[in-house]
Amino acid sequence: KICYNPRVHPPSPRMKLPAFLAVPALASALPLKAQNPVYTLPGETGGLFTYLTISQQVEYADSAHLAGTDRLLDQAVVTVYSNVARQVTATLSFYEIVEEETNYEDPIGQPGVNPGALAGFKPSENPIWSSGPLLFSVDGDGSNNLNLNQLVFSNINTLVPDDIFWSITFENISNYSDGGPFGPKLEDAASLNPTGAETDPSRFYARGEFSDGLWLSVWLTSSAPPTSTLSIQLAGVPGPSSRLLVG
């Protein structure tokens with residue numbers, strides 16, 4: 001599961017802390033390949049994987065450093081798993097990074113993991129871009145198995161800085177109770193060497209009613225790899241400066 005840093009954000013009695021779990025399972029399907037990737041934590045790698053179980057109406061954010069010179073994002077693909085066929089409403093958002101003013105224990109970020117370049121930052125309050133709620137149909141293989149699904153967000157057409165936070169929020173998931181067998185895929189960033197990856201491994205942010213709308217730092221405390229990162233592929237087209245050079 002994922003835990004909040006109690007030294008930084010002591011929960012009040014009225015806070016409802018969402019359940020965070022990283023659950024091992026067996027992968028079988030292949031991911032959709034994004035064109036012109038500027039950040040890729042590879043989709044399907046075969047063998048064992050983990051996924052982050054989620055609570056509805058909670059926003060989960062992870063950091064990314066974009067590779068190359070492409071900065072005008074055009075498409076994003078988020079990998080999720082589900083044990084049954086469902087209807088899912090999902091919102092994808094991008095945020096600028098802002099300095100985390102809280103002093104964490106040394107080293108900063110995920111306990112036992114060398115902090116990444118973005119370990120001292122958190123998402124800004126308001127997004128650069130948001131898809132708004134979009135309806136997706138996801139597949140499942142029954143109660144004892146999970147099926148990989150690609151949630152494709154297209155026509156983003158938004159210029160972003162080198163370093164960003166991206167977030168995913170799920171609402172109105174049919175046939176689902178919070179903490180059930182459904183959620184975004186977790187990959188081991190340390191072993192996969194993702195393209196363009198500079199992040200604080202396994203340290204996420206979350207916000208919702210339980211946090212009064214503020215971003216709270218969270219980290220994994222389960223059998224998931226300590227350098228786990230949420231799996232996403234971001235694709236873009238050359239930004240204005242790149243197009244000028246091409247011309």
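Position 1 is the first residue of the sequence, and the numbers go up from there.
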Candidate pair Lys122 and Ile97, rule side chain to side chain contact (heavy atoms under 4.5 Å, CB included), full reasoning: CA-CA 6 Å; Lys122 66 180 180 180; Ile97 66 170; over 6 Å; no
Can any side-chain N or O of [X] pair as donor or acceptor with the backbone N or O of [Y] at less than 3.5 Å?
X      : Y      : answer
Ser131 : Leu92  : yes
Ser231 : Leu186 : no
Gln56  : Ile173 : yes
Arg86  : Asn175 : yes
Asn149 : Asn147 : yes
Ser177 : Gly180 : no

I need the minimum non-hydrogen distance between [X] and [Y], along with the two atoms involved.
X      : Y      : value
Val98  : Ser124 : CG1-CB, 3.8 Å
Thr89  : Pro133 : CG2-CB, 3.5 Å
Tyr51  : Thr53  : CE1-CG2, 3.3 Å
Arg207 : Leu214 : CB-O, 3.1 Å
Pro184 : Val80  : CA-CG1, 3.9 Å
Asp62  : Phe204 : OD2-CE2, 3.4 Å

Could you grab the distance from atom [atom1] of [X] to atom [atom2] of [Y], nearest 0.5 Å is fine?
X      : Y      : atom1 : atom2 : answer
Trp129 : Ser93  : CH2   : OG    : 7.0 Å
Gln75  : Gln233 : CD    : CD    : 8.5 Å
Ser63  : Asp163 : OG    : CG    : 8.5 Å
Lys185 : Leu52  : NZ    : CG    : 13.5 Å

Neighbour count above 12 (heavy atom, 6.0 Å) for Glu125 CD: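 Incorrect, the count does not exceed 12.
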Mutual orientation of the aromatic rings belonging to Phe182 and Phe170 [parallel < 30°, tilted 30-60°, perpendicular > 60°]: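 Ring orientation, 0 to 90° scale: perpendicular.
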Check against side chain to side chain contact (heavy atoms under 4.5 Å, CB included), Asn157 and Leu72: CA-CA 6 Å; Asn157 193 31; Leu72 189 65; 3.8 Å; yes
Side-chain donor-acceptor contact under 3.5 Å, Glu100 with Ser217: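 The criterion, which ignores hydrogens and geometry beyond distance, is not satisfied for Ser217 and Glu100.
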Intermediate values then yes/no, side chain to side chain contact (heavy atoms under 4.5 Å, CB included), Val58 and Thr169: CA-CA 6 Å; Val58 174; Thr169 308; over 6 Å; no
Full working for side chain to side chain contact (heavy atoms under 4.5 Å, CB included) between Ile164 and Leu234: CA-CA 12 Å; Ile164 63 170; Leu234 302 175; 4.1 Å; yes
Connected via hydrophobic side-chain network under 4.5 Å: Leu73 and Leu134: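 Per the 4.5 Å side-chain linkage, Leu73 and Leu134 are co-clustered.
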Chi angles and distances behind the ring pair (Phe, Tyr, Trp, His ring centres under 6.0 Å) call for Phe94, Phe153: CA-CA 12 Å; Phe94 298 113; Phe153 299 83; 8.8 Å; no
Stepwise side chain to side chain donor-acceptor pair (under 3.5 Å) check, Ser167 with Glu59: CA-CA 6 Å; Ser167 75; Glu59 187 174 8; 2.6 Å; yes
Close side-chain approach of Ile54 to Asp178, heavy-atom, < 4.5 Å: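 No, too far: nothing below the 4.5 Å cut-off.
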Of Trp215, Trp166, Tyr205, the residue whose pairing with Tyr95 passes ring pair (Phe, Tyr, Trp, His ring centres under 6.0 Å):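 Among Trp215, Trp166, Tyr205, the one that satisfies the ring pair (Phe, Tyr, Trp, His ring centres under 6.0 Å) with Tyr95 is Trp215.
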